[in-house]
Amino acid sequence: MAPFSPIAFDSVVMPTIIDLRHVHSTEMKQDFRTSYPSPTSDHSAHLHHQETDTSDSDSMDGLTDSSSFGSQSTSNGIDESDASPLKLEDAKSDDASSSTGFDLPAMILSGLCPANIAASKKITTMVLYDDRGLQLFDEITYLKEYYLTQEEINILDRDSDKIVEHIPDNSVIVELGAGSLRKTVLLLNALERKRKNIRYYALDLMLDELTKSLKSLGSFANVKTAGLWGTYDEGLAFVSSFGPEVPKTLLWLGSSIGNLTRTEALDFITSYRKTLNMGDNWLIGIDRRNDAQEITVAYNDPQGVTREFVMNGLDHINVILAQPFIDRSKFEYFARYNVEEGRHEAYYKVKETHQLVYRDPKTGQETIISLTRDELINVEYSYKWSPAETTKLFDDSEMTKVGQWTSPSNRYDLHLVRKAPFYFKSVENPTPCPPEADWIELWKSWDVVTMSMIQHPTMLLEKPIALRHPFLFYLGHIPVFMDTQLSRVLGEPFLEPAYFNVIFERGIDPDVDDPTKCHAHSKVPDAWPEIEAIIDFRDRARARLLRVLSDRENYPMTRRLARVLFMAFEHEAMHLETLLYMLVQSPNTLPPPSVPAPWSSNFDGPLPKPSVTDAAWIHIEPSTLNKAVLSLGHNDLEGADLEGKSDDLASPFGWDNEHPLVEPQVGKIPGAFRIQSRQVTNGEFLAYLEAAGYDGRVPESWSVKDASSPSGIFVKSVYGLVPMHVAQDWPVGCSNQQAQGYAAWAQTKAGAHVQYSLPSEHELSIAFKLKQATVSKSGMENYGFRQWYPTLDGVSLSAAEVQANPVAQFSGPGGLWDWTNTVFAPLSEGFVTSKMYPGYSSDFFDEKHFVVLGASWATHPRMAERRSFRNWYQANYPYVFAGFRLVERV
């Protein structure tokens, strides 16, 4: 038998179904690619609508005609010539458990006779889905009370085109538990509109329903469809059979995740994640923890359809067991919403005390099950998820959220998550000393950038920014800095070759106005070492660090050693960002592997209307806020490591410019101010240039080929030049001076009664801290490489949420750093220069560097989420990932 057993139906009206029930994953890996080639493109796409006519397939007995089987070439364009057709007798069976791959009689009896006598009885949810149950459930999805379906349809109606931008051409899409495909067709239509060649597979346990649903789709020009008959586990093996050259997207709609406990959901996503390749996507629909009464009515409608759906399961049990085992008249449907657990619970409630008697058809042995009046027998849980729980779920499963689309009522979300080449976990209270796992992910990110995006050897000596060293320097600088700091604190010699310490220890940051002026730095050699020697040094330095982390006998962890590891970690993370803003300036940069750009570059004509609304103005009255929000910096005196705090491994670290904690003092608290909810966009900055002129004002983050047309203006990215129509809603990256020019123009435009400027460090710090204290993380914060370009947060808020907390609108940290009008200087007279890294801060207290706060898309969460962290750049340095927003002081 071939690895796939297709049920090849009539080539005109019937779909292809692949039987996964008896297929081994090794067979899949060997043969599936020859049986399922990529479809050819046809530009005459036929779009299907939600109201597809299925009058010719209403009956789910359509498989009884043996003439339906045997065709090996179907109209969906998927070649079945290498796989043998499944005979009719293989496809249909009177055994209720055989078609599903589960022993349903055993599952039913074991649930009613739990091994632990103290455990409550339960009946598997699968009993609800016979032919009658499927019909009733379909009716439920059309009820206005059952809001989940319509909420998901509303999202897909509005956002399908945006969602499918994230699905690469020539992808495989596998839908888990496909059902009626009523919503899926909206995505397939969007894929047709984008003319993407897609192989779509619908996975389901119920063969008749799967056939009917696929038949209702008809045919597409670019999307080729087939069914997968099998379980989630069998689908898991099918997904894992595709090689890394085939991009995949999983669909899991309808809040099916609600059928699993929170632990089971994490385990399920984690198990499927292992089968995905880097860059693969997963679109998951999740119902929120909504109003308890709304949820209760959704699962117990006034018409009684849900009640009949659940009670029909008892009739199905008698069919499965092939005997009159249970009398539904002795039970009633009982439902409730458990607010504490965040789940709806469906039960059979026993109306009178009685016994169930099961007679084994083979042995004649009887099993007697006693039931007492008012006893509850669970048949279904439906878990709901708060935004915070969803964020934690994806963080714990290390799936990067790249998109979230929320229904207009804010009751339901579609989340697009991706398996990324590396994953930076967001930890509320990270350990001061980064653990080994954090180092491993950081090194993965470093290697992606330095070994995959920088072309070797041609780019190694390239200097896309004249004020910086060539790329090769940074590949040596990072391991040398780490090794140097470790050697000093441990009293051990530097790794060989020791001269690396002379040329790689410290980089350059010259004066933009006069590059001959620069702080002390390592000697620039006449010729840089070969890249092979640098990589070898890097690997030995990493191995040394891992030994220090693991060998506590020879390297007992003190606060001073932990500080060195903290410094080396954040130093590497900072330079990762430096490399990326350099790479953006190079025309030779390769895009990040397995992370495709979710946009199309085809465009000509006027700019479309921006999709972002005007920035809201958030009023903040500092005099009403608490000390924690108003303070700056934190206490972490480096010298204390050796004076009484040598064993303190719990207190957080910071750089010297973050010390000391500056608490609010009378007369030094900012007055009331209004701050923009988001950073100024490329589109808004373009309007400024069109009004004020381009000369000397064009950001280095742009490439202007023809200023007379929007199609001649591009934004630089790691994916190359991005058309302005794609990037107009991104925050604009620019220098501090350019940001101040925009602020002056905006003030002139608004009139003399308004005073716009960049925020001060204190004002911006207050806004960030206020948000952090009052708004849960959404998982859409654009830092830590959630995206590889500077999008805004993209979180949808209801009017009620905004009214309850206007600060919820405040975007960031993330996207780009935020410029301030504050000159970089010590926070107070308590500043003490670091002895371990003396020039880190003090070399830049020169009245030319200005503070930036927040984070960019390339900032590690350890810095992005530490509100005391301060960054700085020269006011006229135009290359950095920094944007701005305005304040108006009241």
Side-chain angles (χ1 to χ4, degrees), residues 21-22 93-134 137 177 204-206 230-236 256-265 267-268 271 309-336 338 341 343-383:
R21 297 170 306 152
H22 308 297
S93 172
D94 291 332
D95 184 349
S97 63
S98 65
S99 65
T100 64
F102 293 102
D103 187 348
L104 285 180
M107 293 173 68
I108 293 167
L109 294 172
S110 64
L112 290 170
C113 305
N116 182 356
I117 59 174
S120 299
K121 297 181 179 69
K122 61 182 180 181
I123 295 175
T124 174
T125 305
M126 294 177 66
V127 304
L128 303 180
Y129 296 97
D130 63 348
D131 286 357
R132 172 68 174 151
L134 289 168
F137 184 74
D204 210 293
L205 265 174
M206 312 302 292
T231 66
Y232 276 168
D233 286 343
E234 289 155 352
L236 184 71
S256 296
I257 192 174
N259 296 325
L260 306 178
T261 67
R262 304 195 198 286
T263 300
E264 290 168 346
D267 292 343
F268 183 79
S271 66
F309 166 68
V310 175
M311 295 303 293
N312 176 73
L314 297 179
D315 295 335
H316 189 205
I317 289 174
N318 291 334
V319 175
I320 294 170
L321 299 182
Q323 56 188 277
F325 172 70
I326 200 161
D327 181 357
R328 68 176 279 177
S329 68
K330 295 182 179 181
F331 299 84
E332 63 183 0
Y333 174 49
F334 178 82
R336 67 188 178 197
N338 186 326
E341 294 292 335
R343 71 185 182 201
H344 184 270
E345 302 171 351
Y347 298 93
Y348 295 114
K349 185 176 181 180
V350 181
K351 295 166 66 175
E352 59 183 71
T353 299
H354 66 285
Q355 291 182 330
L356 304 176
V357 180
Y358 172 74
R359 183 182 296 275
D360 190 303
K362 295 180 179 178
T363 66
Q365 182 177 353
E366 290 188 346
T367 300
I368 299 175
I369 302 166
S370 298
L371 305 177
T372 59
R373 181 179 176 179
D374 295 333
E375 185 177 356
L376 296 179
I377 303 174
N378 176 256
V379 68
E380 187 175 43
Y381 288 141
S382 182
Y383 280 82

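Positions are given from 1 along the sequence.
Pairing each heavy atom of A265 with each of I257, the nearest pair is CB-CG1, 3.8 Å. Nearest heavy-atom pair, S120 versus P114, reported as atom, atom and distance to 0.1 Å: O-CG, 4.2 Å. The two residues Y333 and M311 have their closest heavy-atom pair at N-SD, 3.7 Å. Across K121 and S370, no two heavy atoms sit closer than the pair NZ-O, 3.5 Å. Across T367 and C113, no two heavy atoms sit closer than the pair CG2-SG, 4.1 Å. Smallest separation of non-hydrogen atoms from V310 and L128: O-CD2, 3.7 Å.
For the pair N259 and Y381, the minimum side-chain heavy-atom distance is 4.5 Å or more. Side-chain contact between Y348 and L314 is present, with at least one heavy-atom pair separated by less than 4.5 Å. Taking 4.5 Å as the limit, every side-chain heavy atom of I123 sits out of range of all side-chain heavy atoms of M107. Within the 4.5 Å cutoff, the side chain of F331 has heavy atoms near those of the V350 side chain. Looking at heavy atoms from C-beta onward, Y129 lies in side-chain contact with F309 at the 4.5 angstrom threshold. Annotation: side chain of V127 is in contact with side chain of I320 (closest heavy-atom distance under 4.5 Å).
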Using the salt bridge (charged side-chain N to carboxylate O under 4.0 Å, His left out) rule, take R359 and E366 through it: C-alpha gap first, then chi angles, then the decisive distance, then the call. CA-CA 4 Å; R359 183 182 296 275; E366 290 188 346; 2.5 Å; yes
I would like to know whether D267 and E264 meet side chain to side chain contact (heavy atoms under 4.5 Å, CB included); could you show each step before the answer? CA-CA 5 Å; D267 292 343; E264 290 168 346; 5.6 Å; no
Could you walk me through whether K349 and E375 pass the salt bridge (charged side-chain N to carboxylate O under 4.0 Å, His left out) test, one step at a time? CA-CA 6 Å; K349 185 176 181 180; E375 185 177 356; over 6 Å; no
Please test N318 against Q323 for side chain to side chain contact (heavy atoms under 4.5 Å, CB included), starting from the C-alpha separation and ending with a verdict. CA-CA 5 Å; N318 291 334; Q323 56 188 277; over 6 Å; no
Could you walk me through whether R336 and Y347 pass side chain to side chain contact (heavy atoms under 4.5 Å, CB included), step by step? CA-CA 9 Å; R336 67 188 178 197; Y347 298 93; 3.3 Å; yes
Checking salt bridge (charged side-chain N to carboxylate O under 4.0 Å, His left out) for the pair E345/R343: CA distance, chi angles, key distance, verdict? CA-CA 6 Å; E345 302 171 351; R343 71 185 182 201; 2.7 Å; yes
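Between F325 and Y358, the ring planes are perpendicular. Angles over 60° get that label, and only those under 30° would be called parallel.
A donor-acceptor pair under 3.5 Å is absent between the side-chain atoms of S382 and the main chain of G258, judged by distance alone. Checked by atom type and distance alone, the side chain of N378 pairs as donor or acceptor with a backbone atom of A346 at under 3.5 Å.
Remark: of the listed residues L112, I108, D315, L356, L356 is the sole one forming a side chain to side chain contact (heavy atoms under 4.5 Å, CB included) with I326.
Between K122 atom NZ and L376 atom CG the span is 15.0 Å, to the nearest 0.5 Å. Summarising the geometry, atom CG belonging to N338 is positioned 10.5 Å from atom NE2 belonging to H344; distances are rounded to the nearest 0.5 Å.
Side chains of D360 and Q365: a donor-acceptor N/O pair is absent below 3.5 angstrom, by distance only. Using a 3.5 Å distance cut-off with no hydrogens or angles, the side chains of T231 and D233 do not pair a donor with an acceptor. With no hydrogens or angles considered, no side-chain donor-acceptor pair links Y232 and E234 at under 3.5 Å.
Contact check on R373 versus E352 returns no salt bridge, with no Lys/Arg side-chain nitrogen under 4.0 Å from an Asp/Glu carboxylate oxygen. Salt-bridge annotation for K351 and E332: absent, with no side-chain N of the basic residue lying under 4.0 Å from a carboxylate O of the acidic one.
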